Amino acid sequence: MSTKTVSGRAAQVGEILSAFGIRPQDTVSGVAYGGKFKQDAGGAAIESHDPTTAEVLAHVQTATSGEVKAAVGAAHEAFARWRLVPAPLRGEIVRRLGDGFRARKEDLARLVSLENGKILTEARGEVQEVIDICDLAVGQSRQLFGREIASERRDHRLMEMWHPLGVVGIISAFNFPLAVPGWGWAIALVCGDTIVWKPSSLTPLISIAAQQIFHEVTAGTEAEGVFSLIIGGGGTVGEALVADDRVALIQATGSTPLGERVATGVAKRSGKAILELGGNNAVIVMADADLKLALRAVVFGSVGTAGQRCTSTRRLILQRPIAQKFLDQVVHAYGTIGIGDPLDEKTLMGPLISEDAVRDYREGLAEMQKEGGKLVYGGNVLAGRGGYFVEPAIVKSNVDMPIVKEEVFAPILHVFEVDSLEEAIKVNNSVPQGLSSGLFTTDLASAERWLSVSGSDCGIANVNAGTSGAEIGGAFGGEKATGGGRQAGSDAWKGYMRRQTCTINYGRQLPLAQGVEFPVD
């Protein structure tokens, strides 16, 4: 890249941030609570990089552990007010937030492409997902239903009620810097909670822009101060957030080791956690499948977002009669993938997020081949481009290779051959993770078996649809080492509230539980 081109990309970021009222020529504050950014944040400054060029885009001031405590304290105070606002009125604030993202959709999408490396069509889709979850949350603000239960005691009413939980800490990853944390804050806000958000330090500018929208929408309303931002490393900011007993719930997205640290830290203080961790997702293609349909799903699932989705397709399980034919089709499709600048509308795969991600890609492929895997396609780091570009790779692997059970967060696809659906299901379920899975078949019995108790053990199981992507109307999350948490739609809102069982005695007698006789005059 020429110096002029590099400067041009930084200038684009500057123009976008300026449109949000942020001065990129200065060190940008990554700390906000009480409805405003703190310009005197005391943490060390970090660099935001463009993964396409490795250029420094801006410097961001991070939070100290003391500022984490201050942000949590401000959120705790705001909760005392916010929980009293009727839920439909909380929904109105979230509706305005959705409109704020609508108005800034293109700017946000370009910022995602510049700082995250996601291609523009995917970046626009991510911002749209924030808008969509706001729309869903607005509807749910009028549907936070309890239930009435038949009481065994005469003249008694037994019911369940749901109340706001408190301060929710959101720890989010770089790969979906807006959409996945948005699943949490949109639902949590209509439930009456307040938010302290720790985004990835790899994508700080995106979160700062989003925080500015929160300030603009909530200023002067009952929601002012309900949303706080604390950017910084996990060892300082993350640990302080997890340890604070004023934080009722931690929603964490990231690796399985991250989830283990969060779960342990929260459990020590009897807090709650919603964890969405590693995925090692498989697609099964049976001999009777519509191969054209399957090919589209597999290629996008494995190459989309440069293989950096938690739902990315990492394992391809092929029934032997069509295995070689289908693999040849995948190899051919990989050869047509345009790799390059994510701002170019013709690009289908952008860069990895960082030099560390390139190292993981390189070391992962080396280990696969050491354990007996055969490289079928790709495997090269694309040097000389200035950024973090690699080729998507395909490896013929053995199920018993230890690295198959690990998630390498890069565009690497393992391929296996099986004889039957039963064997395919066994392979699908053989890894520690359990997020997303897909089966391609035209046989009704196979589809039903896949979705039965003896089929996929994942939180998401699809028929004739790939692993990558999910509709917000359903609860999103996985089982086993994926953490077991649920976010987004369905009844995932219950994770952001506390359940209360209530009894009302409207009679003149007090029958005791279990029919106990306990006479007292």
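Values below: all heavy atoms of this structure, side chains included; hydrogens, waters and symmetry mates excluded. Just so you know, residue 1 is the first one in the sequence shown, and it goes up from there. On a predicted model such as this, the values are computed, not experimentally measured, just so you know.
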Are more than 12 heavy atoms, taken from residues, nucleotides or ligands other than [X], located less than 6.0 Å from that residue's [atom1] atom?
X: Arg320; atom1: CZ; result: yes
X: Lys374; atom1: NZ; result: no
X: Gln500; atom1: CD; result: yes
X: His163; atom1: NE2; result: yes
X: Arg296; atom1: CZ; result: no

Would you sort out whether Ser456 and Ser437 count as a side-chain hydrogen bond (donor to acceptor under 3.5 Å, both in side chains), showing the intermediate values? CA-CA 7 Å; Ser456 171; Ser437 57; 2.7 Å; yes
Residue pair [X] / [Y], side-chain donor-acceptor N/O under 3.5 Å:
X: Glu115; Y: Ser48; value: yes
X: Ser228; Y: Trp197; value: no
X: Ser454; Y: Arg449; value: yes
X: Asp341; Y: Thr52; value: no
X: Thr467; Y: Thr313; value: yes
X: Gln128; Y: Lys105; value: yes
X: Gln251; Y: Gln487; value: yes

Partner of Trp183 under ring pair (Phe, Tyr, Trp, His ring centres under 6.0 Å), chosen from Trp493, Phe176, Phe476: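 Among Trp493, Phe176, Phe476, the one meeting ring pair (Phe, Tyr, Trp, His ring centres under 6.0 Å) with Trp183 is Phe476.
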Is it true that a side-chain atom of [X] and a backbone atom of [Y] form a donor plus acceptor pair closer than 3.5 Å?
X: Ser468; Y: Gly301; answer: no
X: Asp244; Y: Arg246; answer: yes
X: Asn398; Y: Met401; answer: no
X: Lys118; Y: Asn175; answer: yes
X: Asp443; Y: Ser446; answer: yes
X: Glu276; Y: Gly477; answer: no
X: Glu129; Y: Gly125; answer: no
X: Arg315; Y: Asn280; answer: yes
X: Ser420; Y: Glu423; answer: yes
X: Asn429; Y: Asp457; answer: yes

Run the salt-bridge test on [X] and [Y] with the 4.0 Å N-O cut-off and return the result as yes or no.
X: Arg486; Y: Glu479; result: yes
X: Lys325; Y: Asp328; result: no
X: Asp135; Y: Arg102; result: yes
X: Arg309; Y: Glu122; result: yes

Strictly under 6.0 Å, is that where the ring centroids of Trp162 and Phe145 end up?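 No: the rings miss the under 6.0 Å criterion.
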How close do Ile403 and Glu371 get, counting heavy atoms only, and between which atoms?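 The pair with the smallest heavy-atom distance is N-OE1, 3.1 Å.
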Close side-chain approach of Ile394 to Leu327, heavy-atom, < 4.5 Å: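 Yes, at least one pair of side-chain atoms sits under 4.5 Å.
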Is there side-chain contact between Phe440 and Leu291, with heavy atoms separated by less than 4.5 Å?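 No, too far: nothing below the 4.5 Å cut-off.
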